[in-house]
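Read the structure below first, then the notes.
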Amino acid sequence: MRINDDIRAREVRVIDEDGQQLGIMSSRDAVHVAMEHHLDLVEISPQARPPVCKILDYGKYRYEQQKREKEARKKQKVFEIKEVKLRPGIEDHDFGVKFKNAARFLQDGNKVKVTIMFRGREMSHPELGEALLNKMAEQLGDAAVVEKKPKIEGRNMTMVVAPKQK
């Protein structure tokens, strides 16, 4: 953002601190008008023809702009991806433990990547892994949305579930 003597345009459209248009004038004259009011001339929209400049207190303007950006960052939701790893021959109790972990991660607002790891001859039965992933998605039910369907990637089959938005 350019201010005062850094403004390169010959002519600028000037707006005073109250929002009133002062018209089009040379940038040098506009800087003098701003100095008389003990304020800065700030280029608001450089792409316009002629560029639009506003007379204001630059320090206060920057502070308010940073405050708005900070508020916008607060409102952004950052998702963390947690992973739960299973094997095709997993027992029911172990599956229950992994399910509880996945449900807790979803409750905390994180996405969950469920991975089935295949070893050796287990690769010849990918339907077992897909059945496990479908069972997990079914049990998570209303708490989650399947974001990425089960897919084989090398010796692993993965599925991503996200918390359901309220």
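- Val112 and Ile90 fall within a single hydrophobic cluster, where Ile, Leu, Val, Met, Phe, Trp and Tyr are joined by side-chain heavy atoms under 4.5 Å apart, directly or via other members.
- Residues Asn110 and Pro163 approach most closely at O-CD, 3.5 Å, considering heavy atoms.
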Note to self: I'd like to know whether Tyr63 forms a side-chain contact (heavy atoms from CB on, under 4.5 Å) with Asp57, so could you lay out the CA-CA distance, the side-chain angles of the two residues, the decisive distance to 0.1 Å, and finally the verdict.
What the structure shows: CA-CA 10 Å; Tyr63 170 74; Asp57 182 358; over 6 Å; no

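- Residues Ala9 and Pro51 come closest through the heavy atom pair CB-CG, 3.6 Å.
- If you take CD on Glu130 and NZ on Lys149, they are separated by 10.5 Å, rounding to the nearest 0.5 Å.
- With a 6.0 Å radius and a threshold of 12 heavy atoms from other residues, nucleotides or ligands, Glu138 has its CD atom at or below the threshold.
- Just one of Asp40, Leu39, Leu41 meets the side-chain contact (heavy atoms from CB on, under 4.5 Å) condition when paired with Tyr58; it is Asp40.
- For the atom pair SG (Cys53) and CG (Asp16), the distance works out to 13.0 Å, reported to the nearest 0.5 Å.
- Under the 4.5 Å side-chain heavy-atom criterion for ILVMFWY residues, no single connected hydrophobic cluster contains both Val160 and Ile116.
- Both Phe99 and Val84 are members of a single hydrophobic cluster when ILVMFWY side chains are connected at heavy-atom separations under 4.5 Å.
- The hydrophobic cluster containing Ile24, built from Ile/Leu/Val/Met/Phe/Trp/Tyr side-chain heavy atoms closer than 4.5 Å, comprises no other residue.
- Salt bridge Lys74/Glu71: present, at least one basic N to carboxylate O contact under 4.0 Å.
- Within a 6.0 Å radius of NZ in Lys54, other residues, nucleotides and ligands contribute 12 heavy atoms or fewer.
- Taking a 6.0 Å sphere around NZ of Lys148, one finds it holds more than 12 heavy atoms contributed by other residues, nucleotides or ligands.
- The two residues Ala144 and Val161 make their nearest non-hydrogen contact at CB-CB, 4.2 Å.
- Note: the hydrophobic cluster containing Leu128 does not contain Phe95 (ILVMFWY, side chain heavy atoms under 4.5 Å, direct or indirect links).
- Pairing each heavy atom of Gly154 with each of Ile152, the nearest pair is O-CG2, 3.5 Å.
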Next item on the list: Would you check, one step at a time, whether the test side-chain contact (heavy atoms from CB on, under 4.5 Å) holds for Arg155 with Met123?
Entry: CA-CA 7 Å; Arg155 289 200 158 274; Met123 276 304 293; 2.8 Å; yes

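- Annotation: the span from Arg68 atom CZ to Lys70 atom NZ amounts to 14.5 Å, rounded to 0.5 Å.
- Inter-residue side-chain proximity for Lys82 and Glu80 is flagged as met; some heavy-atom pair is nearer than 4.5 Å.
- For the residue pair Ala137 and Val146, the shortest heavy atom distance occurs at CB-CG2, 3.8 Å.
- Between Gln139 and Lys135, the closest side-chain pair of non-hydrogen atoms falls below 4.5 Å.
- Within the model, atoms CZ of Arg121 and CZ of Arg119 stand 14.0 Å from one another, a figure rounded to the nearest 0.5 Å.
- Interatomic distance, NZ of Lys111 versus CG of Leu106, reported as 11.0 Å (0.5 Å rounding).
- Counting heavy atoms of neighbouring residues, nucleotides and ligands inside a 6.0 Å radius, atom CD of Glu91 does not exceed 12 of them.
- Shown here for Met157 and Pro126, the closest heavy-atom pair between the two residues is CE-O, 3.5 Å.
- Of the options Val33, Ile55, Asp29, a side-chain contact (heavy atoms from CB on, under 4.5 Å) to Val14 is made by Ile55 and by none of the others.
- Within a 6.0 Å sphere centred on CZ of Arg62, other residues, nucleotides and ligands contribute 12 heavy atoms or fewer.
- Grouped by direct or indirect side-chain proximity (heavy atoms under 4.5 Å, Ile/Leu/Val/Met/Phe/Trp/Tyr only), Met117 sits alone.
- Val145 and Met159 fall into different hydrophobic clusters, defined by Ile, Leu, Val, Met, Phe, Trp and Tyr side-chain heavy atoms under 4.5 Å apart, directly or through other members.
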Margin query: Apply side-chain contact (heavy atoms from CB on, under 4.5 Å) to residues Val31 and Met35 and explain how you reach the verdict.
Written below: CA-CA 6 Å; Val31 169; Met35 294 293 178; 4.2 Å; yes

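- For the atom pair CD of Gln107 and CZ of Arg104, the computed distance is 10.5 Å after rounding to the nearest 0.5 Å.
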Next item on the list: Test Glu43 against Val12 for side-chain contact (heavy atoms from CB on, under 4.5 Å), laying out the working first.
Entry: CA-CA 9 Å; Glu43 192 174 42; Val12 293; 5.6 Å; no

